[in-house]
Amino acid sequence: MNEVTLRKIDGSNFLGAFHLTLAPGQEKFVSHPIRSLAQAYVYYHQCTPFGIYHDDTMVGYVMVIYDYDLEEYDIWHMMIDAAWQGRGYGKAAMKACLAYISEKPFGTSGRVVLTCNKENVKAIAMYKSLGFQETGNADEDEIELSLQLNA
């Protein structure tokens with residue numbers, strides 16, 4: 001598996017996130033980082049946007065947000081650039097996100113929640129391989145999965 005690091009998106013690397021691309025047909029699975037960074041700006045007090053890096057190359061993007069009302073961490077908008085998909089970076093990035101969340105940067109909850117398009121079977125399988133389970137909550141095209149981190 002390829003090693004990745006998470007680096008906070010800031011003035012030095014946000015343009016790299018703008019240049020990330022999805023493979024054809026994946027636009028229905030995840031929002032582009034431009035939208036996500038706008039959300040991060042609005043919710044700055046409860047979230048951290050990250051570039052996913054292999055060495056010094058940004059290969060993806062993810063945002064971790066804390067929902068103070070539900071007392072849970074949410075993983076939003078994770079994507080791996082089309083040129084870097086299929087190399088294990090998504091799973092490595094999820095493990096790095098979970099390590100970050102285990103440090104409790106915003107709140108004490110160990111509950112981690114994400115949603116995934118029902119048609120994104122590769123992502124669902126990857127999340128389940130990390131211990132995420134379907135909660136039964138869903139909307140038109142997305143299912144919710146959750147994981148409880150150990151204390």
Side-chain angles (χ1 to χ4, degrees), residues 1-9 17-18 20-54 58-151:
M1 182 189 311
N2 288 308
E3 293 292 320
V4 300
T5 55
L6 300 179
R7 297 183 194 168
K8 290 182 181 180
I9 297 289
F18 287 8
L20 295 171
T21 59
L22 295 165
Q26 291 181 331
E27 299 84 13
K28 64 183 173 186
F29 295 156
V30 66
S31 296
H32 192 275
I34 292 173
R35 177 180 176 201
S36 183
L37 286 171
Q39 289 174 314
Y41 178 79
V42 171
Y43 299 110
Y44 69 92
H45 62 284
Q46 67 191 86
C47 75
T48 307
F50 290 106
I52 301 166
Y53 282 82
H54 173 68
M58 188 183 297
V59 299
Y61 173 86
V62 65
M63 185 164 71
V64 174
I65 189 163
Y66 189 76
D67 187 326
Y68 286 98
D69 294 331
L70 299 175
E71 295 187 355
E72 67 185 21
Y73 285 90
D74 299 319
I75 297 175
W76 283 7
H77 307 294
M78 189 173 110
M79 67 166 293
I80 302 297
D81 185 87
W84 297 95
Q85 291 179 11
R87 302 181 191 192
Y89 293 120
K91 189 169 191 174
M94 281 301 302
K95 288 180 178 180
C97 283
L98 295 174
Y100 171 74
I101 291 168
S102 72
E103 297 171 3
K104 311 282 194 258
F106 294 103
T108 60
S109 177
R111 180 175 159 82
V112 183
V113 177
L114 56 85
T115 60
C116 188
N117 188 292
K118 295 173 187 175
E119 296 177 25
N120 196 347
V121 293
K122 287 184 180 181
I124 292 170
M126 185 266 293
Y127 297 139
K128 287 183 175 182
S129 76
L130 293 170
F132 282 86
Q133 297 178 348
E134 293 183 38
T135 65
N137 296 330
D139 63 22
E140 297 92 39
D141 60 351
E142 297 211 344
I143 60 170
E144 182 182 80
L145 298 103
S146 71
L147 173 72
Q148 183 65 42
L149 294 176
N150 294 330

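When reading the values below, keep in mind they use all heavy atoms of this one structure, side chains included, and skip hydrogens, waters and symmetry mates.
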Margin query: For Glu142, is there any backbone N or O sitting under 3.5 Å from a side-chain donor or acceptor partner on Asn117?
Written below: no
Check: How about Leu147 and Tyr127: do any of their side-chain heavy atoms sit closer than 4.5 Å?
Finding: no
Item checked: Rounded distance [0.5 Å steps], CD1 in Ile80 versus NZ in Lys91 -> 13.5 Å
Notebook entry, point to check: So how far is it from Thr5 OG1 to Met58 CE, rounded to the nearest 0.5 Å?
Noted result: 10.0 Å
Check: Around Tyr43, counting heavy atoms of other residues, nucleotides and ligands shown, do more than 12 lie under 6.0 Å from its OH?
Finding: no
Next item on the list: For Thr135 and Ser146, work out which heavy atoms get closest and say how close.
Entry: CG2-OG, 3.4 Å
Checklist line | Side-chain touch Leu20/Trp84, heavy atoms, less than 4.5 angstrom | finding: no
Next item on the list: Given side chain to side chain contact (heavy atoms under 4.5 Å, CB included), test Phe132 with Met126 step by step and report yes or no.
Entry: CA-CA 9 Å; Phe132 282 86; Met126 185 266 293; over 6 Å; no
Check: Would you find a donor on one side and an acceptor on the other, under 3.5 Å apart, between the side chain of Tyr100 and the backbone of Pro105?
Finding: no
Notebook entry, point to check: Heavy atoms, side chains only, cut-off 4.5 Å: are Phe18 and Leu37 in contact?
Noted result: yes
Check: Should the pair Tyr68 and His45 be assigned to parallel (<30°), tilted (30 to 60°) or perpendicular (>60°) ring geometry?
Finding: parallel
Notebook entry, point to check: Between CD1 of Ile65 and CG of Leu114, what distance do you get to the nearest 0.5 Å?
Noted result: 13.5 Å
Check: If you take all heavy atoms of Ala40 and Pro49, which pair is closest and at what distance?
Finding: CB-CG, 3.8 Å
Notebook entry, point to check: Distance-only, no hydrogens or angles: does the Gln46 side chain make a donor-acceptor pair with backbone N or O of Tyr66 under 3.5 Å?
Noted result: yes
Notebook entry, point to check: Where do Leu149 and Ser102 come nearest, in terms of heavy atoms and distance?
Noted result: CD1-N, 4.0 Å
Check: If you take all heavy atoms of Cys97 and Val64, which pair is closest and at what distance?
Finding: SG-CG2, 4.1 Å
Margin query: Once rounded to the nearest 0.5 Å, what's the spacing between atom CZ of Phe50 and atom NZ of Lys8?
Written below: 6.0 Å
Note to self: Do Met78 and Ile52 make a side-chain contact, defined as non-hydrogen atoms from C-beta onward lying under 4.5 Å apart?
What the structure shows: yes
Check: Is there a side-chain contact between Val30 and His77 (heavy atoms, below 4.5 Å)?
Finding: yes
Item checked: Greater than 12 external heavy atoms within 6.0 Å of Glu71's CD -> no
Check: Would a 4.5 Å heavy-atom cut-off, applied to side chains only, mark Ile75 and Met94 as touching?
Finding: yes
Note to self: As an exercise, state the distance from CZ of Arg111 to CD1 of Ile101, rounded to the nearest 0.5 Å.
What the structure shows: 12.0 Å
Check: About how many Å separate NE2 of His54 and OH of Tyr89, when rounded to the nearest 0.5 Å?
Finding: 3.5 Å
Check: Going by heavy atoms in the side chains, are Ile9 and Tyr61 under 4.5 Å from each other?
Finding: yes
Item checked: Nearest heavy-atom neighbours spanning Glu140 and Lys118 -> O-NZ, 3.3 Å
Checklist line | Glu119 side chain reached by Phe29 side chain, heavy atoms, under 4.5 Å | finding: yes
